[in-house]
2 protein chains.
Amino acid sequence: MSYDILKQHLKKHVDLSTADLDLISSYFKPASLKKKEFLLTQGSICKMEGFVLDGCFRVFTFDKKGNENTLYFATKDWWLMDIDSFMNQTPSDLNIQALEDSKVLLIDRQDKMALYELLPIVEKLFRIIFQKGLVSWQRRLVRNHSFTSKERYFHFIQTYPDISSKLMDKQIASYLGISHEFLSKIKKNKK
Amino acid sequence: MSYDILKQHLKKHVDLSTADLDLISSYFKPASLKKKEFLLTQGSICKMEGFVLDGCFRVFTFDKKGNENTLYFATKDWWLMDIDSFMNQTPSDLNIQALEDSKVLLIDRQDKMALYELLPIVEKLFRIIFQKGLVSWQRRLVRNHSFTSKERYFHFIQTYPDISSKLMDKQIASYLGISHEFLSKIKKNKK
DNA sequence: TTCCCCAGTTGAACTTGTTCAACTCTTTTG
DNA sequence: CAAAAGAGTTGAACAAGTTCAACTGGGGAA
């Protein structure tokens with residue numbers, strides 16, 4: 001049953017009863033996306049928060065110069081959303097695109113709010129999820145400042161071997177914040 | 001009364017009753033730090049979460065090469081902590097230092113946990129605080145990738161004129177992730 | 001007050017990373 | 001299957017940013 005992946009994920013953060021897990025899960029609806037399909041596009045409002053069951057997504061933004069900037073990749077067990085747009089119903093800065101045929105569980109804003117109201121432990125759950133997320137964004141910033149591009153590249157492929165093997169070098173480069181030509185030269189000089 | 005600053009801050013995120021605000025505030029103890037004094041040093045365990053009432057702090061880390069890397073500056077209304085170290089009682093990667101004589105409100109881990117238990121709305125409060133924090137870390141990463149150093153510098157001083165005016169250029173450079181010599185050249189060429 | 005330390009500036013040489021253009025090799029797509 | 005589009009590589013010229021060293025000036029401590 002596909003909801004088991006979600007339930008296992010939630011239990012990692014907070015101790016939840018079976019009844020609670022069932023209730024939370026019941027608010028999420030399964031959906032499938034084909035390769036290259038978008039769950040969210042820049043400028044539109046983020047209506048859904050997603051949890052990846054299978055497949056792979058890229059969360060990215062186009063900057064003023066038209067360059068793509070990848071915030072993160074999401075495979076099984078990762079969340080997908082533009083938090084700001086989802087919570088405040090403002091136009092999103094982000095694009096969320098499936099890199100391969102994928103399965104997700106979705107919850108809309110009203111249901112998420114209802115869930116927060118209905119089950120206070122969900123507040124704790126997401127307090128902890130966001131708290132952990134914040135820590136990893138801080139660490140990523142420090143790495144960006146203190147590592148060279150080469151070090152960042154090898155850190156990435158060593159930390160996420162399963163994700164990086166699915167990706168094109170172009171996509172990895174936009175995650176690392178370097179040009180794909182330069183990534184090609186990094187790979188040539190030390191591999 | 002110094003607790004008013006905290007109360008006003010909390011009310012911005014969640015609608016709290018006077019009784020709740022009083023109760024939450026009662027868990028925080030005032031403390032003063034002299035210029036250059038540390039609230040936390042790398043390697044030690046973060047025992048206190050802080051809220052700045054007055055003054056200015058720098059949150060930074062030393063990387064392997066011994067370079068300082070500034071995560072953020074905190075003036076009035078900002079939180080101070082190493083979330084990871086505070087929650088999991090693991091050795092901290094961060095240093096938190098007062099840049100001038102400062103006043104803070106502190107809460108220790110046990111009291112924070114007790115507060116979460118006692119008043120479920122505190123979970124919502126910090127869920128929202130962390131959620132907003134996450135959004136700003138994401139935006140900072142995108143700026144780091146899509147802006148040049150010059151653009152990042154002017155964005156910083158325009159966004160935080162009150163903070164940046166208190167800082168030495170060396171500290172701003174370590175926040176931007178560039179050498180202080182190069183910052184000096186940026187300021188010369190376009191001011 | 002004096003001394004010294006430290007922040008900031010500047011220049012020169014160097015390293016890192018970008019841009020553009022040409023080429024190859026797969027992968028889609030009609 | 002053929003054509004076209006996209007992913008990766010390479011080189012050369014360039015731009016961005018670092019490093020090191022020397023110098024300047026101001027502020028704090030004795």
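FYI, side chains are in, hydrogens and waters are out, and symmetry mates aren't considered; it's all heavy atoms of this structure. Computed from a predicted structure; not experimentally measured.
- Taking atom NZ of K187(A) as the reference point, atom P of dG17(C) lies 17 Å away to the nearest angstrom.
- To the nearest angstrom, C1' of dT16(C) lies 18 Å from OH of Y153(A).
- Computed from coordinates, the I172(A) CD1 to dT9(D) P distance equals 11 Å when rounded to whole Å.
- The nearest whole Å value for the distance from the CD1 atom in I178(A) to the C1' atom in dT18(C) is 11 Å.
- Out of dG8(C), dT18(D), dT18(C), the shortest distance to the side chain of F182(B) is found at dT18(D).
- Between the CD atom of E151(A) and the P atom of dT16(C) there is a distance of 10 Å, given to the nearest Å.
- Closest to the side chain of E181(B), out of dT18(C), dT10(C), dA7(C), is dT10(C).
- As a whole-Å value, the separation of I186(B) CD1 from dG8(C) P is 14 Å.
- Taking the ring axis of Y72(B) as reference, the NZ or CZ atom of R140(B) does not stay both within 45° of it and closer than 6.0 Å to the ring centre.
- Cation-pi check for R58(B) over Y175(B) is not met; the charged atom does not lie both under 6.0 angstrom from the ring centroid and within 45 degrees of its normal.
- Closest approach to the H180(B) side chain among dA7(D), dT18(C), dT9(C) is made by dT9(C) (side chain taken as heavy atoms from C-beta onward).
- Closest contact between the side chain of K35(A) and the listed nucleotides dG17(D), dT28(C), dT10(C) involves dT28(C).
- The distance from atom NZ of K150(B) to atom P of dG17(D) is 9 Å, rounded to the nearest whole Å.
- Note: NZ (K185(A)) to P (dT19(C)) measures 11 Å, nearest angstrom.
- A sub-4.0 Å separation between OP1 or OP2 of dG11(C) and a side-chain N or O of K188(B) is present.
- Here the nucleotide nearest the side chain of D169(B), chosen from dT9(D), dT9(C), dA7(C), is dT9(C).
- With E100(B) as the fixed residue, the side-chain hydrogen bond (donor to acceptor under 3.5 Å, both in side chains) test singles out one of K36(B), K35(B), K166(B): K166(B).
- Between F73(A) and Y160(A), every side-chain heavy-atom pair lies at or beyond the 4.5 Å cut-off.
- None of F28(B), Y3(B), F51(B) except one satisfies the ring pair (Phe, Tyr, Trp, His ring centres under 6.0 Å) rule with H9(B); the exception is F51(B).
- The shortest distance between the side-chain N/O atoms of S184(B) and the OP1/OP2 oxygens of dG8(C) is not below 4.0 Å.
- When each of dT18(D), dT28(C), dT19(C) is scored by its nearest atom to the side-chain atoms of S179(B), the top-ranked nucleotide is dT18(D).
- When distances are taken from the side chain of K170(A) to each of dT18(D), dA7(D), dA12(D), the shortest belongs to dA7(D).
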